[in-house]
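As the structure is a computational prediction, the values presented were derived from the model and not from experiment.
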Amino acid sequence: MPKLIIANVDSEHQVADVSGYSRHEQSEIILCNQRMMWLADPGDVLVLPSAPTAQHKAYWAELNGCRAEDLTVLTSKTGAPLAFLRQDILFAPDFIAACRSVVAGLPAGRKPNSVLAYFPDNYVAEFAQAIGVEVEDAFFREGGATLLNEKTTFRKLAAGLGVSLPEGWVCENETDLKRAMRHFVSQGADFIVKLNRHSGGFGNLIVHGPRSGGKALGSSTVLRYANAQDAEAILETVASRIHEPAVVERYVDTDHVLYSEYLIDPQGRCFLLNDGTMNMEPLWVGFEIPGDYSNHHRVRFLDESARLVRLAAQMGHRGRMNVDGLVAEGQIFVNEFNGRCGGCSHVFEIAKRLFGTQVLHSKHIKTYNRGKLDEGCDLFAVLSDAGLLLRPGMATGAIPLTIEPALDQAFEYMVIADSLDEARRISDAVLSLTTPRRLAA
């Protein structure tokens, strides 16, 4: 049956304040929202802030063996690129009325009877019911998934399960925060401060001590102290920036950044969908699936991930859940969970539809989400002319996932190939056809 898909990346329950987002950061959120199109089946209704291009929608239809008209797309008509579906947009009377009218006018076989949201919070549930789509899941209606996006909740629950965590503290106030930071400063250690509600590493801040190795994976903001005087100044700076609970942890020397994605079905059963490694520059820029790291670390990571997912299922969460981890200092650490769709959700869905549920037994995937285009560049034509654009029936190729032409000329893509080396070669070829031309201009 058709479903209502809602692309609400960085809602109020995921990120407390988006008022300071730059033009580039808004462009990234537009791309993130557009990923939800790839989770749509023919007949679905997709609600998102900014619509995908007609060309991109046609390509979705081509890979899904249907017509572009088989997907109903609803957006708020603001007249400008829009990044967010927060309360001011979601509950605008005109927007609700327009969406309700469209849903009511659909033929009986096209009316959605379930909801798939990027972040299944209570605002989405309220919106869905306001436009005529019932939400029966009580955990969803009450915004239970909000708990599963909080860094402090993660650390508390993971500790209770005995999951491997870096040394650290949950900080509820400024006094807690300073005491935790001073603990690491007293050792001359590196540490990381994580805001309670944020995503993609944007809410993280790394502080390097005098003996630091200099790594900064997981944050674009790095501060340094060489002595006690420096450290006290940094403590005051950090404390002044943070106005919500936070986690402070020892920054571990990381070799691989890991992820896993699970599905909790309506009966509460948990299934591993996919897992791999994340490429960092220093924030996440793409996946390699399956990851290229030792099998004994993978088994340990998936065991600890599964324990967290089973706990979320017992709490009442249903749908997708992602768990992140690290291979660092010769062992596994788990550092985050998210009860929502992730950056891998659409990637695996595409691969599964094209090559079957066992796709990861025979194929390798590489993604990149920092592509740039010259203004007016036709990415589909460029890839097609080079023989790289994946079409139905092809065994390997590149798939443009999202394109944002208005703010930053940005795009994301994935590569499917028969080996990791081949996936990397195709990915390099995609970048050679786009980025260098921009730099040479």
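Asp408 and Lys372 are joined by a salt bridge, as a carboxylate oxygen and a charged side-chain nitrogen come within less than 4.0 angstrom of each other. Between Arg300 and Asp303 there is no salt bridge, since no side-chain N of the basic residue sits under 4.0 Å from a carboxylate O of the acidic one. A salt bridge links Arg250 and Glu329; the closest N-O separation between the charged side-chain nitrogens and carboxylate oxygens is under 4.0 Å. A salt bridge links Glu172 with Lys156: the closest approach of a Lys/Arg side-chain nitrogen to an acidic carboxylate oxygen falls below 4.0 angstrom. Glu336 has no carboxylate O lying under 4.0 Å from a charged side-chain N of Lys194, or vice versa, which leaves the two without a salt bridge. Remark: Glu281 does not engage Arg370 in a salt bridge, criterion side-chain N to carboxylate O under 4.0 Å. Here Asp41 pairs with Lys3 in a salt bridge; the nearest charged N to carboxylate O distance falls below 4.0 Å. The pair Lys178-Glu236 meets the salt-bridge criterion, with a side-chain N (NZ, NE, NH1 or NH2) lying under 4.0 Å from an Asp/Glu carboxylate O. One finds no salt bridge joining Arg197 and Asp10 here, because no Lys/Arg side-chain nitrogen approaches an Asp/Glu carboxylate oxygen to under 4.0 Å.
For Met278 against Phe287, the heavy-atom pair with the smallest separation is CG-CE2, 3.5 Å. The minimum heavy-atom distance linking Glu304 with Ser164 is given by the pair OE1-N, 2.8 Å. Residues Leu390 and Leu63 share a closest heavy-atom pair of O-CD2, 3.9 Å. Residue Ala313 comes nearest to Cys270 through the heavy atom pair CB-SG, 3.9 Å, listed as atom of the first residue, atom of the second, then distance. Here the closest heavy-atom approach between residue Pro266 and residue Arg318 is recorded as O-NE, 3.3 Å.
Taking the side chain as every heavy atom from C-beta outward, Leu177 and Val248 approach each other to under 4.5 Å. You'll find the side chain of Phe127 reaches within 4.5 Å of the side chain of Val47, heavy atoms only. For the pair Ile365 and Val415, the minimum side-chain heavy-atom distance is 4.5 Å or more. Residues Pro405 and Leu373 have side chains not in contact (no heavy-atom distance under 4.5 Å, counting atoms from C-beta outward). Annotation: side chain of Val285 is in contact with side chain of Tyr368 (closest heavy-atom distance under 4.5 Å). Arg353 places none of its side-chain heavy atoms less than 4.5 Å from the side chain of Trp38. Side chains of Phe411 and Asn369 form no contact here, defined as non-hydrogen atoms less than 4.5 Å apart. Counting only heavy atoms from C-beta outward, the side chains of Cys341 and Leu116 approach each other to under 4.5 Å.
Within a 6.0 Å radius of CD in Gln129, other residues, nucleotides and ligands contribute more than 12 heavy atoms.
Atom CG of residue Leu195 and atom CG of residue Leu205 lie 8.5 Å apart, to the nearest 0.5 angstrom. Note that OG of Ser212 is 7.0 Å distant from CZ of Arg224, once rounded to the nearest 0.5 Å. Annotation: the span from Met37 atom CE to His56 atom NE2 amounts to 4.5 Å, rounded to 0.5 Å. Taken from OG1 in Thr367 to CG in Asn279, the straight-line distance is 7.5 Å, to the nearest 0.5 Å. Within the model, atoms OG1 of Thr254 and CG of Leu258 stand 9.5 Å from one another, a figure rounded to the nearest 0.5 Å. Here the straight-line distance linking atom CG of Leu48 with atom CZ of Arg35 works out to 13.0 Å at 0.5 Å rounding.
Residues Phe191 and Tyr251 place their aromatic rings such that the two centres sit no closer than 6.0 Å. Between Tyr59 and Phe380, the distance separating the two ring centers is shorter than 6.0 angstrom. Between Tyr225 and His208, the ring center distance fails the sub-6.0 Å criterion. Checked against the 6.0 Å centroid criterion, the rings of Phe184 and Trp169 qualify as a close aromatic pair.
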Decide yes or no on side chain to side chain donor-acceptor pair (under 3.5 Å) for Glu167 and His183, but give the supporting numbers first.
CA-CA 11 Å; Glu167 178 189 9; His183 169 81; 2.7 Å; yes

Could you go step by step and tell me if Arg182 and Glu232 meet the salt bridge (Lys or Arg N to Asp or Glu O under 4.0 Å) rule?
CA-CA 8 Å; Arg182 285 192 178 104; Glu232 279 303 312; 3.0 Å; yes

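Side-chain contact annotation: Asp121 with Thr146, donor-acceptor N/O pair under 3.5 Å absent. The closest side-chain donor-acceptor pair between Asp324 and Asn335, if any, does not fall under 3.5 angstrom. For the residue pair Ser50/Gln34, the side-chain donor-acceptor check at 3.5 Å is not satisfied. No side-chain donor-acceptor contact under 3.5 Å links Glu349 and His346. For the residue pair Tyr118 / Ser345, no side-chain donor-acceptor distance below 3.5 Å is found, with atom types taken as modelled. Looking only at atom types and distance, the side chain of Gln14 has no donor-acceptor partner in the side chain of Asn149 under 3.5 Å away.
Asn196 places a side-chain N or O within 3.5 Å of a backbone atom of Lys151 that can act as its donor or acceptor partner.
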